[in-house]
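All heavy atoms count here, side chains included; hydrogens, waters and symmetry mates do not. Each chain gets a letter, A, B and so on, in the order the sequences are listed, and its residues count up from 1.
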Protein chains: 2
Amino acid sequence: MVRAGLTPDRLVRAGAELADEVGFDQVTVSALARRFDVKVASLYSHLRNSRDLKTRIALLALEELADRAADALAGRAGKDALTAFANVYRDYAREHPGRYTAARHPLDPEAAAASAGGRHAQMTRAILRGYDLSEPDETHAVRLLGSVFHGYVSLESAGGFRHSAPDSQESWDRVLDALDALLRAWPRP
Amino acid sequence: MVRAGLTPDRLVRAGAELADEVGFDQVTVSALARRFDVKVASLYSHLRNSRDLKTRIALLALEELADRAADALAGRAGKDALTAFANVYRDYAREHPGRYTAARHPLDPEAAAASAGGRHAQMTRAILRGYDLSEPDETHAVRLLGSVFHGYVSLESAGGFRHSAPDSQESWDRVLDALDALLRAWPRP
DNA sequence: GAACGTACCTAATAGCTTTAGGCAAATTCC
DNA sequence: GGAATTTGCCTAAAGCTATTAGGTACGTTC
């Protein structure tokens with residue numbers, strides 16, 4: 001019999017594709033085995049278990065997102081950087097809904113520490129350097145931006161804005177305008 | 001044999017409690033049957049299937065949230081209303097994490113139409129009446145507020161702000177200050 | 001007290017997860 | 001090049017969840 005050439009990496013990548021096709025929740029070890037035309041038990045030499053698979057897909061998604069964000073930020077500052085960064089999240093969620101869901105998957109502390117989460121936070125801080133905030137306001141703003149981006153993208157992809165006017169794109173643009181204005185005139189206590 | 005007295009309502013309520021205890025994802029027809037000390041098949045006279053159970057828990061959570069929000073808004077306006085409303089979401093998520101997750105569960109169009117989703121949107125608009133926005137800006141602001149509240153609460157309960165200073169409570173207060181300031185000085189295009 | 005409806009049960013099928021142990025292909029070593 | 005070893009994928013099996021079909025006995029109604 002010809003070997004399938006399974007590796008943890010190929011499995012995780014295929015798992016990410018599967019997530020985009022059928023949804024992250026539907027990613028199962030069984031479905032992945034079917035995709036490689038291999039028996040289920042064979043995957044357990046490469047993956048600890050089902051949770052391990054999902055964690056690795058989450059880590060992959062976080063890395064991909066951070067890479068895209070880093071590209072988008074290169075050479076930009078101020079509102080330009082803010083917009084480019086925000087669009088990375090929104091576009092990624094649209095192109096890769098399963099991966100985006102994976103990126104929001106709760107990670108245990110070790111996985112979280114090894115994740116690209118820190119890069120995301122650092123990039124957000126880099127954007128805020130274009131505005132005039134100092135600690136602890138910068139941290140509050142980091143949290144606000146994370147909340148808005150995640151919240152908007154998640155509500156939008158759940159269909160929340162689909163059946164009402166105006167267009168979601170218009171709201172997105174205006175929300176980014178508003179955030180820019182807010183960061184320029186951040187209220188001091 | 002003594003009958004257990006199952007009804008759809010009791011099952012859904014128990015399912016909501018179960019969600020808060022073990023997480024919404026772990027809510028299964030089997031676990032619910034165990035909780036009533038009844039065979040699994042018995043539940044299928046009261047629930048269509050597992051998805052039906054989860055949908056009903058989601059609808060329950062949305063109603064509870066809307067009820068709390070309506071109470072909180074009574075007699076308030078302006079920033080006072082904004083803060084009270086926002087705290088309803090945050091407090092509910094802390095007290096009832098499983099139900100809160102359920103409330104964010106994707107609903108099919110019929111379920112969504114029958115849900116308290118419309119009440120939530122109307123209440124958000126009521127708050128914005130305390131600020132000077134007119135369409136389409138009011139809708140953009142509705143979407144922004146929904147995004148921030150959902151995003152913040154979801155990142156916070158995923159532990160996102162747990163291991164860094166300053167305290168999440170402080171950021172929450174400052175984020176609400178910032179939103180209030182933003183709504184009072186909403187940028188026109 | 002008989003007849004009926006219904007609440008819960010047994011039984012069975014099917015899918016996903018995970019572990020244990022086996023064979024054969026690939027790799028290493030002489 | 002062939003033997004020894006490693007390792008990749010397999011079969012088998014047990015346990016859990018979901019769901020359906022059909023049966024029994026409880027509670028209600030007349």
In the structure I gave you, are the side-chain heavy atoms of A:Trp172 and A:Asp167 within less than 4.5 Å of one another anywhere?
no
Rounded distance (Å) that lies between atom P of C:dA7 and atom CG of B:Leu11:
12 Å
For A:Ser50, enumerate each residue passing the side chain to side chain contact (heavy atoms under 4.5 Å, CB included) test, keeping only those at least two apart in sequence or located in another chain.
A:Val29
Just jot down the ring pair (Phe, Tyr, Trp, His ring centres under 6.0 Å) partners of A:His140, sequence neighbours excluded, or say none.
none
Return the value, rounded to whole Å, for the distance between atom CZ of B:Arg10 and atom P of C:dA7.
13 Å
Ignoring hydrogens and geometry beyond distance, is a side-chain donor-acceptor pair present between A:Ser154 and B:His150 at under 3.5 Å?
yes
Once salt bridge (charged side-chain N to carboxylate O under 4.0 Å, His left out) is applied, do any residues pair with B:Asp108, and if so which ones, sequence neighbours excluded?
B:Arg51
Residues from residues 101-110 of chain B lying under 4.0 Å of DNA chain D - heavy atoms:
none
Using a 3.5 Å cut-off and no angle test, enumerate the donor-acceptor pairs between side-chain atoms of residues 69-80 of chain B and protein atoms at least two apart in sequence or in another chain.
residue : atom : partner  : partner atom : Å
B:Arg76 : NE   : B:Ala72  : O            : 2.8
B:Lys79 : NZ   : B:Asp177 : OD1          : 2.4

Taking side chain to side chain contact (heavy atoms under 4.5 Å, CB included) as the definition, give me every residue that meets it alongside A:Ala31, ordered by chain and number, with sequence neighbours left out.
A:Leu18, A:Thr28, A:Arg34
Rounded to whole angstroms, how far apart are CG on A:Asp25 and P on D:dA18?
14 Å
Please list, by residue number, the residues of residues 38-48 of chain B whose heavy atoms come closer than 4.0 Å to an atom of DNA chain C; answer none if no residue qualifies.
B:Val38, B:Lys39, B:Ala41, B:Ser42, B:Ser45, B:His46
Who passes side chain to side chain donor-acceptor pair (under 3.5 Å) against B:Glu156, sequence neighbours left out?
B:Arg90, B:Arg94, B:Ser168
Apply side chain to side chain donor-acceptor pair (under 3.5 Å) to B:Ser42 and list each qualifying residue two or more places apart in sequence or on a separate chain.
none
Set out, line by line, the N/O atom pairs under 3.5 Å between protein and nucleotides 14-16 of chain C.
residue : atom : partner : partner atom : Å
C:dC16  : OP1  : A:Arg34 : NH2          : 3.2
C:dC16  : OP2  : A:Arg34 : NH1          : 3.2

Atom-pair distance (CG on B:Leu32; C1' on C:dC8), nearest Å:
15 Å
Give the rounded distance in Å between these two atoms: CZ of A:Arg51 and P of C:dT17.
14 Å
Those residues that, when tested against B:Ser115, pass side chain to side chain contact (heavy atoms under 4.5 Å, CB included) (two or more places apart):
B:Leu59, B:Leu62, B:Leu107
Do any side-chain atoms of residues 182-189 of chain A form donor-acceptor pairs under 3.5 angstrom with protein atoms, and if so which ones, sequence neighbours left out?
residue  : atom : partner  : partner atom : Å
A:Arg184 : NE   : A:Asp180 : OD2          : 3.1
A:Arg184 : NH2  : A:Asp180 : OD2          : 2.6
A:Trp186 : NE1  : A:Asp137 : OD1          : 3.2
A:Arg188 : NH2  : A:Asp132 : O            : 3.1

